[in-house]
Amino acid sequence: MERGIRHDHPGSRITWTPRPTPRRCAVALVCTLSPSPKRSSSQLLAEQTMAALADHGVTGKVIRIADHDVKPGVEVDMGDGDAWPEIRDTILGCDILILSTPIWLGHPSSIAQRVLERLDAELGESDDEGRMLTYGKAAAVCVVGNEDGAHHVSAELFQGLNDVGFSLAPNAVTYWVGEAMQGTDYQDLDKTPEKTAATTATLAANTAHLARRLKAAPYPPSS
């Protein structure tokens, strides 16, 4: 039976009004080395992921980190015009964080690493019950490149995101890797490969589901 609100009317059949599904919010941090308006495969895959999340009632925004002065460091606010505090507020105001990165020399971009370093500050932040402020939030990863390493890159980001309190659903990564030692970029393809599109759809479905479950059943207080 569909969950909803029961209406009993004398002399009439019982009817059910479906409960509205609360909308969820996501933010995608694009970690290309190139600032706007330069085209970016990482941005494209992040936008496609956000579109897939929209099919599950998730709204949000995409932020290209290279467009902002995110200072190096491991504090919540590094001062002197640091753009991270505003980005952090956006992350904490959302249910889902998407981290999108190119592959450089087999690793996440230096900007993706900087994002993880800034998220390290969350290890020292907690709510009234001792839980990190990132508990209850889901994360997922997008990876693009024209060299091997998508699984290695996602593994690095998965571990970092989990360390700083995010939860990951099954298949929480979508990626595209071109032929080794060739110059074709994801953004240059005539159409999105079916396998990548299907993987993006799975990421969106599972991550949206996890975010809903985490909201409904928070983690226990930390001792």
Side-chain angles (χ1 to χ4, degrees), residues 26-36 38-50 52-53 60-75 78 82-84 87-88 90-91 94 96-123 134 137-188 196 199-200 202-204 206-207:
V27 59
L29 304 185
V30 176
C31 298
T32 175
L33 301 182
S34 304
S36 300
K38 189 171 182 179
R39 296 172 66 232
S40 163
S41 292
S42 300
Q43 177 106 13
L44 174 59
L45 188 52
E47 290 172 349
Q48 291 174 338
T49 299
M50 294 296 283
L53 283 166
K61 63 190 297 185
V62 176
I63 300 174
R64 189 183 293 206
I65 298 298
D67 293 340
H68 304 272
D69 187 12
V70 174
K71 304 290 186 183
V74 292
E75 303 294 335
M78 297 304 297
D82 184 18
W84 182 253
I87 295 172
R88 176 178 181 264
T90 301
I91 295 170
C94 286
I96 298 169
L97 171 64
I98 305 296
L99 206 55
S100 185
T101 182
I103 301 170
W104 281 112
L105 301 175
H107 295 275
S109 73
S110 58
I111 290 182
Q113 182 63 33
R114 177 163 297 187
V115 167
L116 290 179
E117 289 164 355
R118 296 307 303 268
L119 286 170
D120 183 78
E122 302 309 321
L123 294 172
T134 47
K137 299 183 185 301
V141 169
C142 304
V143 182
V144 292
N146 53 17
E147 58 179 284
D148 196 9
H151 282 182
H152 175 75
V153 167
S154 61
E156 287 193 34
L157 297 184
F158 279 179
Q159 185 63 56
L161 288 165
N162 189 254
D163 281 349
V164 296
F166 291 91
S167 298
L168 296 121
N171 305 121
V173 60
T174 184
Y175 66 91
W176 177 86
V177 176
E179 186 179 356
M181 296 185 290
Q182 301 298 315
T184 301
D185 287 337
Y186 181 65
Q187 62 190 350
D188 297 327
T196 299
T199 302
T200 300
T202 299
L203 177 158
N206 291 354
T207 301

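When reading the values below, keep in mind they use all heavy atoms of this one structure, side chains included, and skip hydrogens, waters and symmetry mates. We're numbering straight along the sequence, starting at 1. If you're wondering where the values come from, they're calculated on a predicted model, not measured in any experiment.
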Legend entry - salt bridge (charged side-chain N to carboxylate O under 4.0 Å, His left out) against K61, all qualifying residues, sequence neighbours excluded: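 K61 satisfies salt bridge (charged side-chain N to carboxylate O under 4.0 Å, His left out) with no other residue.
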Legend entry - With sequence neighbours excluded, residues passing salt bridge (charged side-chain N to carboxylate O under 4.0 Å, His left out) with R88: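 For R88 the salt bridge (charged side-chain N to carboxylate O under 4.0 Å, His left out) partners, ignoring immediate neighbours, are E122.
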Do any N or O atoms from the side chain of [X] and from the backbone of [Y] form a donor-acceptor pair under 3.5 angstrom?
| X | Y | value |
| --- | --- | --- |
| K71 | W84 | no |
| E117 | V74 | no |
| S42 | S100 | no |
| T200 | T49 | no |

Legend entry - More than 12 heavy atoms of other groups within 6.0 Å of Y175 OH: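 Check fails, neighbour count at 12 or below.
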Inset, instruction - Before giving the answer on side-chain contact (heavy atoms from CB on, under 4.5 Å), spell out for V115 and V70 the whole-Å C-alpha distance, their side-chain angles and the decisive distance to 0.1 Å. - result: CA-CA 8 Å; V115 167; V70 174; 6.0 Å; no
Give every donor-acceptor pair under 3.5 Å between a side-chain atom in residues 101-108 and any protein atom, sequence neighbours left out.
{"residue": "T101", "atom": "OG1", "partner": "S109", "partner atom": "N", "Å": "3.0"}
{"residue": "T101", "atom": "OG1", "partner": "S109", "partner atom": "OG", "Å": "3.4"}
{"residue": "H107", "atom": "ND1", "partner": "E156", "partner atom": "OE2", "Å": "2.9"}

Legend entry - L119 vs L97, side-chain contact (heavy atoms from CB on, under 4.5 Å): CA-CA, chis, key distance, verdict: CA-CA 12 Å; L119 286 170; L97 171 64; 4.2 Å; yes
Legend entry - side-chain contact (heavy atoms from CB on, under 4.5 Å) between L29 and I91, intermediate numbers included: CA-CA 9 Å; L29 304 185; I91 295 170; 3.9 Å; yes
Taking atom [atom1] of [X] and atom [atom2] of [Y], what is their separation to the nearest 0.5 Å?
| X | Y | atom1 | atom2 | answer |
| --- | --- | --- | --- | --- |
| L157 | C31 | CG | SG | 8.0 Å |
| I65 | S110 | CD1 | OG | 12.0 Å |
| N162 | T134 | CG | OG1 | 9.5 Å |
| Y186 | L45 | OH | CG | 5.0 Å |
| L168 | F158 | CG | CZ | 5.5 Å |

Taking side chain as C-beta onward, heavy atoms only, is [X] less than 4.5 Å from [Y]?
| X | Y | answer |
| --- | --- | --- |
| N171 | L203 | no |
| K137 | C94 | no |
| L33 | I111 | yes |
| E179 | T184 | no |

Compare every heavy atom of [Y] with every heavy atom of [X], then report the nearest pair and how far apart it is.
| X | Y | result |
| --- | --- | --- |
| A26 | M50 | O-CE, 3.5 Å |
| L161 | V141 | CD1-CG2, 3.9 Å |
| L116 | G160 | CD2-C, 4.1 Å |
| R64 | S34 | NH1-O, 2.9 Å |
| S40 | Q43 | OG-N, 3.0 Å |

Inset, instruction - Report the C-alpha separation of R118 and M78 in whole Å, then their side-chain angles, then the decisive distance to 0.1 Å, and conclude whether the side-chain contact (heavy atoms from CB on, under 4.5 Å) test is met. - result: CA-CA 9 Å; R118 296 307 303 268; M78 297 304 297; 3.5 Å; yes
Inset, instruction - Verify whether one side chain among D67 and S36 offers a donor that lies under 3.5 Å from an acceptor in the other. - result: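 Yes - a donor-acceptor pair under 3.5 Å links their side chains.
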